[in-house]
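Keep in mind that the numbers below use all heavy atoms, side chains included, and drop hydrogens, waters and symmetry copies. Chain letters run A, B, ... following the sequence lines, proteins first and then strands; every chain starts at 1.
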There are 2 protein chains.
Amino acid sequence: MATILLIEDDPGVRRGLQLALSRHGHEVRTAESGEDGLRELGAAACDLVVLDLMLPGISGFEVCRRIRAAGEVPVVMLTARGDDFDVVTGLEAGADDYVVKPAQPTVLDARIRAVLRRSAPSDGVRVHGGLRIDTEALTVTLHGAPVALTPTELRLLLTLSRAPGRVFSRRQLLEEVWEHDYLGDSRLVDNCVQRLRAKIEERQAAPEYVQTVRGFGYRFGPL
Amino acid sequence: MATILLIEDDPGVRRGLQLALSRHGHEVRTAESGEDGLRELGAAACDLVVLDLMLPGISGFEVCRRIRAAGEVPVVMLTARGDDFDVVTGLEAGADDYVVKPAQPTVLDARIRAVLRRSAPSDGVRVHGGLRIDTEALTVTLHGAPVALTPTELRLLLTLSRAPGRVFSRRQLLEEVWEHDYLGDSRLVDNCVQRLRAKIEERQAAPEYVQTVRGFGYRFGPL
DNA sequence: CCGCCGTGTCGCAGTCGTGTCGCAGTCCCG
DNA sequence: CGGGACTGCGACACGACTGCGACACGGCGG
């Protein structure tokens, strides 16, 4: 499961690949052009870019160079024909792998996983939108910028993000994060959530990562 | 948490992983070879298979193909080296994920949970017609559109849907949903049912999900 | 010894959920 | 056919729950 940005101008191919990759368990965002893609990439980090070579406006090669110049996001190229010129130039532009169209979804997925595996050997990294949680280094970044969390806030975030979507009751959180036997109902959890939100949520009125489920508790991630 | 079948020929690795996965809350059964594993799988179902590639007798790939051909049990592969050939072939054989040996128990557990989460959304999710109830995320969708339920309405729906077809008396519902000792017969339940219906029923004249059994109480689901 | 940071507690305010009431419509039964 | 019981349904006011700021305590390092 990874977040993938698909840059492809042909609407048919774009939707087909988006659907196929979604079925393989990836989160897929799309862009129609190189400019659009670079903008999208700046807005929110992703784990990998699938990049078509034939694009209106900036060429795929140029987009690839800029992506690699900007960061360490791996790129899988999509070429119409496997002629040598494309491949060599593509790999020299910084692509990590390439797949020849028409692409078998299974093959593309296999390549993607292979690239992710060798270019991101760091396991235990959870990425949700612009939030990146490294469970080994115990670091959290928001849109690439490091976020300073206190130990308790970090434990809370780790616990919640371990099961995205699942609702944790205050009771459960007290046991897992604080490990006390919790005497007397307290609003400690609310408080810590509030402090955590102040650091990782951009619009606190509509929290993106830590959501409250009234009457039950809190939940990490998508609605 | 989940029942896992571990197919691994090396006795040391097998016991180590079995112990580690048990500690993470899984039920672990083991098999020493591909044939053994397939037999085991036929004898009793499990939620996921952890499959070593290097096996005596049938190869891991072949075992994987047969498992996927037989049913929908997800497979996590265990490979000695992450070379591309293994990965691509493995994923094409139908593996859902793979972990490179020597495997960190925590990493393996994380992968297992991720695979289980995406390949078995049927866990804790109840679907009846257009209504989908996720008992972990505590979300309800109607024809794909999220429905905002209040805590009491949600508890009511969860209680009723736990036993579709069964009739719950108002008394029972008061005890299970409200947990008070219920003094004085009240029409609280009727009210809450009404509010719930307003949100999930399309034709309230002929309720599809929450039906009233005159003189007795309410029932969830088909006649 | 002093000051800072993290943590737990308290109180206030706004919002939303909830329980009660009353009326009207429906079904059952005499 | 008529009366009574049962249920659907809207309205309303109280109360619970949560967000949020402020403060005090304690540990750790300068």
Side-chain angles (χ1 to χ4, degrees), chain A residues 138 140 147-160 167-220, chain B residues 138 140 146-160 167-171 173-220:
Chain A
L138 296 184
V140 176
V147 178
L149 296 182
T150 67
T152 309
E153 288 158 4
L154 184 57
R155 275 198 301 272
L156 177 62
L157 182 59
L158 288 174
T159 301
L160 287 173
V167 173
F168 290 80
S169 70
R170 292 179 170 73
R171 177 85 179 225
Q172 285 176 310
L173 290 173
L174 276 174
E175 286 176 5
E176 293 204 33
V177 177
W178 279 264
E179 299 175 8
H180 324 150
D181 288 335
Y182 153 79
L183 24 120
D185 196 343
S186 123
R187 300 204 27 222
L188 186 73
V189 180
D190 302 50
N191 207 308
C192 194
V193 165
Q194 147 69 16
R195 283 168 172 144
L196 178 58
R197 275 179 180 159
K199 294 184 180 176
I200 65 172
E201 297 286 359
E202 325 196 36
R203 292 167 306 161
Q204 302 201 20
E208 186 179 352
Y209 305 112
V210 182
Q211 293 163 358
T212 124
V213 181
R214 198 180 174 87
F216 292 96
Y218 295 95
R219 164 178 52 200
F220 180 84
Chain B
L138 297 183
V140 176
V147 179
L149 296 182
T150 68
T152 309
E153 288 159 6
L154 185 56
R155 276 198 300 272
L156 177 63
L157 182 59
L158 287 173
T159 302
L160 288 173
V167 174
F168 290 81
S169 71
R170 291 178 171 73
R171 177 84 179 224
L173 290 173
L174 276 173
E175 285 175 5
E176 291 204 34
V177 177
W178 278 265
E179 299 175 6
H180 10 116
D181 290 334
Y182 153 78
L183 25 119
D185 195 342
S186 111
R187 301 205 24 225
L188 215 170
V189 180
D190 302 50
N191 206 311
C192 194
V193 166
Q194 145 67 17
R195 281 167 174 146
L196 178 58
R197 276 178 179 159
K199 294 183 179 175
I200 64 173
E201 297 287 359
E202 325 196 38
R203 292 167 307 161
Q204 303 201 17
E208 187 179 353
Y209 305 112
V210 181
Q211 292 163 0
T212 124
V213 181
R214 198 179 173 87
F216 293 96
Y218 295 95
R219 165 178 51 199
F220 179 85

Report yes if a side-chain nitrogen or oxygen of Thr150(B) is closer than 4.0 Å to either non-bridging phosphate oxygen (OP1 or OP2) of dT18(C); otherwise report no. yes
Interatomic distance, Leu174(B) CG vs dT20(C) C1' [rounded to whole Å]: 14 Å
Taking only side-chain nitrogens and oxygens of Arg197(A), does any of them come within less than 4.0 Å of OP1 or OP2 of dG19(D)? yes
Selection from dA16(D), dT7(D), dT18(C) that lies nearest to any side-chain heavy atom of Asp190(B): dT7(D)
Could you walk me through whether Val189(A) and Trp178(A) pass the side-chain contact (heavy atoms from CB on, under 4.5 Å) test, one step at a time? CA-CA 9 Å; Val189(A) 180; Trp178(A) 279 264; 4.1 Å; yes
Nearest listed nucleotide, side chain of Gln194(B), among dC20(D), dG10(D), dT7(D): dG10(D)
Rounded to whole angstroms, how far apart are CG on Leu196(A) and P on dT7(C)? 12 Å
Does the base of dT18(C) carry an N or O that pairs as donor and acceptor with the side chain of Asn191(B) under 3.5 Å? no
Nearest heavy-atom neighbours spanning Val210(B) and Glu201(B): N-OE2, 2.9 Å
Considering just the side-chain nitrogens and oxygens of Thr152(A), establish if one lies under 4.0 Å of OP1 or OP2 belonging to dT7(C). yes
Would you mind reading off the distance between Lys199(B) atom NZ and dG10(D) atom P, rounded to a whole angstrom? 14 Å
What is the separation between atom CZ on Arg155(A) and atom P on dG6(C), rounded to the nearest whole Å? 13 Å
Rounded distance (Å) that lies between atom P of dG19(C) and atom CG of Leu173(B): 13 Å
With the side chain defined as heavy atoms from C-beta on, Arg187(B) is closest, among dC9(D), dA16(D), dT26(C), to dC9(D)
Side chain of Leu188(A) (C-beta onward), nearest among dG19(D), dC9(D), dT9(C): dT9(C)
Figure out the CG/P separation between Leu156(B) and dG19(C), and round it to whole Å. 11 Å
Is the phosphate of dG8(D), meaning OP1 or OP2, less than 4.0 Å from a side-chain N or O of Tyr218(B)? yes
Tightest non-hydrogen contact, residues Val167(A) and Gln172(A), listed as O-OE1, 3.8 Å
Could you walk me through whether Arg170(A) and Asp190(A) pass the side-chain contact (heavy atoms from CB on, under 4.5 Å) test, one step at a time? CA-CA 8 Å; Arg170(A) 292 179 170 73; Asp190(A) 302 50; 2.9 Å; yes
What integer distance in Å separates Arg170(B):CZ from dG19(C):P? 15 Å
After noting the C-alpha distance and the side-chain angles of Leu160(A) and Val177(A), does the key distance pass the side-chain contact (heavy atoms from CB on, under 4.5 Å) rule? CA-CA 10 Å; Leu160(A) 287 173; Val177(A) 177; over 6 Å; no
Grab the CD-P distance between Gln204(A) and dT15(C) for me, whole Å please. 17 Å
At under 4.0 Å, does any side-chain N or O of Trp178(B) touch on OP1 or OP2 of dT18(C)? no
Donor-acceptor pair under 3.5 Å: do we get one between Arg195(A)'s side chain and the base of dG19(D)? no
